[in-house]
Amino acid sequence: MASVPHIAVIGGGSTGIGIARDLSMRGVDVTLVEQGNLTHGTTGRMHGLLHSGGRYAVADQKSATECIEENRVLRDIASHCVEMTGGLFVKRPEDTEEYFQKKLEGCKECGIPAEVVSREEARQMEPHLAKDIDKAITVPDGAIDPFRLVVANAASAKEHGARIETHTKVTDLLVEDDEVVGIEVEHASGAGKHVHGVEGGTEEIYADYVVNATGAWAGRIGDMAGVDIEVRPSKGVMTIMNIRQVDTVINRCKPKGDADIVVPHETTAILGTTDEEVDDPEDYPEKQWEVDHMIDTLSELVPMLEDARTIRSFWGVRPLYEPPNVGSDDPTDITRDYFLLDHDERDNLQGMTSIVGGKFTTYRMMGEEISDHVCEKFGIDAECRTADVPLPGSEDFSVLRDYMDEFGLRSPIGRRSVERLGSRADEVLKTDGPNPTVCECEGVTRAEVQDAIDQSGSDLNAVRIRTRSSMGNCQGGFCCHRMANELYGEYDELTTREAWDELLQERWKGQRHALWGQQLSQAMLNYAMHAATQNRDNDPADGTPIDFSAFDNGQAVTTGDDAGATDVATDGGQHGD
Amino acid sequence: MSDAESNIDPADGTDFQPTAPNTGEEFEPVDVFPDSDDFDLRPGSDSCYKCSTCDTNCPVAEVDDEFPGPKFQGPEQWRLKQADGEHTIDDSVMDCSNCLRCDSACPSGVPLGQMHNTARGEYVSEELNTFSIEYIRNRILANYRTSAWLASKFPRTSSFMMNFGPVRWMMDKVLKVPKERDFPEFATETFQEWWAKQGGATGSRERAREVRERRGEPVDADKKVAYFHGCYSNYNTPEVAKALVNVYEYFGYEVVVPEQKCSGTPMFANGMLADARRHAEVNVSSMSDLVDQGYDAVASCTSCSLALRQEYPELFDIDGIEEVSDNTFESVEYLRIHEDLKGEIEAAEVDGELAAEFGYHAPCHARNQGLERQAVELFGDLEGAEMEDVGDSCSGISGTYGWKSEKYEKSMKIAEDMFEHMEEGTESEVGMTECPTCAMQMEHGTGYDIRHPLELLEAALIEEN
Ligand SMILES: Cc1cc2nc3c(=O)[nH]c(=O)nc-3n(C[C@H](O)[C@H](O)[C@H](O)COP(=O)(O)OP(=O)(O)OC[C@H]3O[C@@H](n4cnc5c(N)ncnc54)[C@H](O)[C@@H]3O)c2cc1C
Ligand code: SF4
Ligand code: SF4
């Protein structure tokens, strides 16, 4: 084929975005569509562990080996998304010595650096570990921010010419003579950046090839062309603690089991998780006992979790895939490996390949493999460069600086901002105007929020995942309206209100499973402010804008001799203010 | 080091105490940031629901727009902090006067005082250049006891020299100690010298026994207190310390004056935690021996009693610290608990110099111990004296805070309300407070003579006899 092929990628999770970056860096023309905002699917609902591979070192060594390889690559190309916390596999007295030894050997076999540490050493690293643990194995686990990573991949793909459409849902595949020739999509709000209230519409996007990277939804895309993709979605719960009780990833050293890991993530620690098959990746039960179980079981490793404050819980579904002939009963037995399903070879349907299974940690490797596959089809001979070229934000940078002098920011706020922005810090934070803190819990300033709005339009949830604004302990109590306020000006009042409500709804949703103790106090205060002070549950101004000029001027203030000349401005300020 | 092991079952959800910090009894802060003095206080921010009550109570935030306030300083800063040793404390922590109003105002039990003190300690040991003038000046101010000891050797010369024009000018310029301030006068005889002349503990015991006999109480009654006088009443206002001894002996208590160093209050406020710890070790060791023998500790300075009661156990892990903390009281509070002080006062009368209308200011650290109404309630019944509460503003000096040139203006601004109330609310030009540095500020701003409640008690109960 002489001209550059056009490839449509469906799915804006880590897998899809990794493919989009890879292909576009090889000079291919790419369009990626995502039904929500980036990370809308499983990628935005995962644990944030940059696997060392240790968790799979006994049962699934192929995945383990891939993990450690990619772990090394991501530390390099995505340094601003990764915190190398290190990890521990902790053995309690009731866990078997046999498995401990297997874990150790497994790690060595897969090339994962692993060492045994005594109880004392482990507790020196992590003072809040239970006093009665036996010992532990250290591994190079890390923490990774999925939002930042996906956004950086998208930015890089765009730099290389890719078209990325969020809030755009594939409603059908265009099939001609047993060949997929494109996709039919519905835009929630016009092409380009998502702006509330902008009229959407359908579009047919023709493509030379379609890649289905919709994870747990892959079967539905398959259905559109009559092919069967046996994804077995399996749900898992994660509970977010208000602070980091541990600064290292803590794994329980025993064969598969629920509630066996704590990952320090930014300002928080995330407890996880469970593994239970569900029918529908979008509609499954979320139960409080799952959260309780998480806290109870993990308190065996870190006792202070028992009383600590949780700010939120959320569930995600794994896009597990099992080749038709295996037939595992228990979802924990299903491999974590990924599969490339060429529908031509498999179902005699040309023009489309699906990629299913896998891990967030191996997203880049999956992207490389599928890009190789696509390039081969079109006879393109281009090297994969995604392992060598750092992502935007991860180019050479240092977090060690004087934030007050450089950006006028208090040190913890400056530090957090620079950690999030990486090499983009100067570009974003050096502003002439005032730069107040918008989100106090996470230390996010106006400049960073404005930068995110520039990238993503009026979607405040997209601003949230880019900045962490409203993700701290007040869960948006004190900052949602400030974030909305940042929209106003560029966007009108109605757009702003709609975006604000959407953010509030999203913030409240995750707190349903954290309503006891301290987070309940927080929720009560938030409710008083959101529903009462801010009238968000029943605002007469919603819908039609208020005509403020219809109000009278209030009581006139008479000052001495120029009585009658006084007039109060409708904005509440005195004339001359 | 210990874990937060707990017997609370979150499942039944009934043990949640909205006012108890979740760093409560079960939780001991752990030393995760290497280099001693540093505790991990991140769990303390679990209790904060961001209501901002602390901010609205902070006297510094009220006058200083640059100061980010206690909510940022405490729970927010700690939560944003990371244990990687590279996360630095913001320099604004040095603008906090450590008045601890935020600590008592917080409805949710966030350990704000502990957070500020620890952050300040970390800031000073890691950020502040130890050759800087600020560091040297703060260290001199914090170690007031050392300077006071030197000065007391030559009290008259010292009082003169410290306030001698050219010397003050030098201090302002070089050490940045404001020239507007008058240094306190040094007494010609320290309390300790006087105490030795009284026969020390043995003398006190004999006198106490006589009193008990006269009062018809058992001669062997278990009435004994260990007096923590602090530096100021030793070197500068021994009349307060003497009043304490006289009043306590009047009620038949035996007083001992154990070996003691500075309580550490000025050191906490200046982030000199290592210095504070050295002094605390001496204080705790001598006090805990006495507590074991059945003594209670009393202090005439509210900051000293606060240090022993609250700040010590929050910041240090020293043997016996909890027992000392549990058995320490402010001196008038103690008598109100154990004696019929009210009855005695109702029957008494003052005349002479102390028959006056006092403008009473409650020190912030007294508030922290719930003592802000004590003097007003007690002396309201005293014939001859009148008490006028001059409002709940902070005096603004907060120990050493107002002794720094860059803080002088703010310190005076914080105190504006108090000065105004003193001048408008009282006829006689006398004031009253428990705290020696508040007294300095009150005198500095109004020229009033400032007395301690113990002095009035002494006048009411003893001198008339
Ligand atoms: C509880 C849990 C914890 C996990 N923890 C970890 C971990 O710690 N480390 C790790 O490496 N991995 C982890 N994983 C695995 C990892 O999250 C997933 O493997 C990975 O995120 C999958 O990414 P994806 O892009 O394939 O799928 P997704 O992120 O789900 O992306 C698919 C996207 O397709 C979109 N889509 C679907 N249908 C349509 C349509 N019709 N039109 C347009 N778009 C559509 C969806 O909106 C979605 O955004 C975890 C998984 C779970 C469930
Ligand atoms: S008063 Fe207490 S709960 Fe309220 S913001 Fe301050 S520290 Fe937080
Ligand atoms: S101790 Fe006093 S000055 Fe410091 S933050 Fe608290 S209220 Fe403000």
Side-chain angles (χ1 to χ4, degrees), chain A residues 83 85 123-131 241-247 264 266-268 292 295-296 299 302-311 399-400 403-404 409-416 419 437 440-443 472-474 477-478 516-526, chain B residues 1-18 22-24 26-32 34 40-52 68 71-73 75-84 86-93 107-109 119 123 127:
Chain A
E83 183 190 342
T85 58
R123 294 195 69 237
Q124 217 152 28
M125 293 166 72
E126 283 306 331
H128 295 304
L129 277 176
K131 285 180 193 151
M241 310 307 292
N242 178 42
I243 58 138
R244 287 165 70 138
Q245 284 81 10
V246 292
D247 294 291
E266 303 278 323
T267 46
T268 69
D292 296 345
I295 297 172
D296 288 348
S299 301
V302 183
M304 76 180 302
L305 290 174
E306 192 87 55
D307 294 328
R309 170 175 179 178
T310 78
I311 52 179
V399 289
L400 298 174
Y403 312 105
M404 203 50 168
L409 297 179
R410 306 232 163 257
S411 56
I413 296 173
R415 169 93 190 189
R416 287 285 173 184
E419 275 173 358
T437 306
E440 289 156 358
C441 303
E442 294 295 314
N473 55 336
C474 80
F478 288 75
W516 68 87
Q518 289 125 334
Q519 198 61 26
L520 181 57
S521 311
Q522 184 72 63
M524 294 302 285
L525 182 63
N526 290 358
Chain B
M1 245 190 230
S2 105
D3 271 298
E5 257 156 21
S6 154
N7 34 30
I8 294 175
D9 176 11
D12 67 27
T14 51
D15 297 298
F16 172 64
Q17 295 269 327
N22 96 319
T23 54
E26 309 293 341
F27 172 73
E28 280 175 42
V30 208
D31 200 345
V32 289
D40 180 8
L41 292 177
R42 288 178 294 179
S45 44
D46 269 5
S47 299
C48 173
Y49 67 134
K50 316 208 74 115
C51 64
S52 306
K71 178 165 77 163
F72 168 82
Q73 209 73 257
E76 281 174 1
Q77 168 151 264
W78 276 102
R79 187 171 172 277
L80 287 169
K81 198 170 153 49
Q82 214 156 293
D84 61 6
E86 285 167 16
H87 271 248
T88 50
I89 296 284
D90 193 61
D91 56 7
S92 56
V93 75
S108 196
Y123 177 82
E127 306 290 306

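Since we're looking at a predicted model, the values are computed, not measured.
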Non-hydrogen side-chain atoms of [X] and [Y] separated by less than 4.5 Å:
{"X": "B:S47", "Y": "A:Q518", "value": "yes"}
{"X": "A:S411", "Y": "B:D91", "value": "no"}
{"X": "B:F72", "Y": "A:E440", "value": "no"}
{"X": "B:K81", "Y": "A:P412", "value": "no"}

With a 4.5 angstrom heavy-atom cut-off, could you sort out which part of [X] is near chain B: side chain, backbone, both or neither?
{"X": "A:E266", "result": "backbone"}
{"X": "A:T268", "result": "side chain"}
{"X": "A:I243", "result": "both"}

### Query
Are B:R42 and A:D247 ion-paired here, with the side-chain N under 4.0 Å from a carboxylate O?
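A salt bridge is present here (some side-chain N lies under 4.0 Å from a carboxylate O).
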Donor-acceptor pair, side chain of [X] and main chain of [Y], under 3.5 angstrom:
{"X": "B:D90", "Y": "A:R410", "result": "no"}
{"X": "B:R79", "Y": "A:C441", "result": "yes"}
{"X": "A:R416", "Y": "B:L80", "result": "yes"}
{"X": "A:Q522", "Y": "B:Y49", "result": "yes"}
{"X": "B:D46", "Y": "A:A308", "result": "no"}

### Task
Please report the shortest heavy-atom distance between A:R309 and B:S45, naming the atom on each side.
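Heavy atoms of A:R309 and B:S45 come nearest at NH1-O, 4.2 Å.
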### Query
Atom CD1 in A:I413, atom CD in B:Q77: separation rounded to 0.5 Å?
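Rounded to the nearest 0.5 Å, the CD1-CD separation comes out at 9.0 Å.
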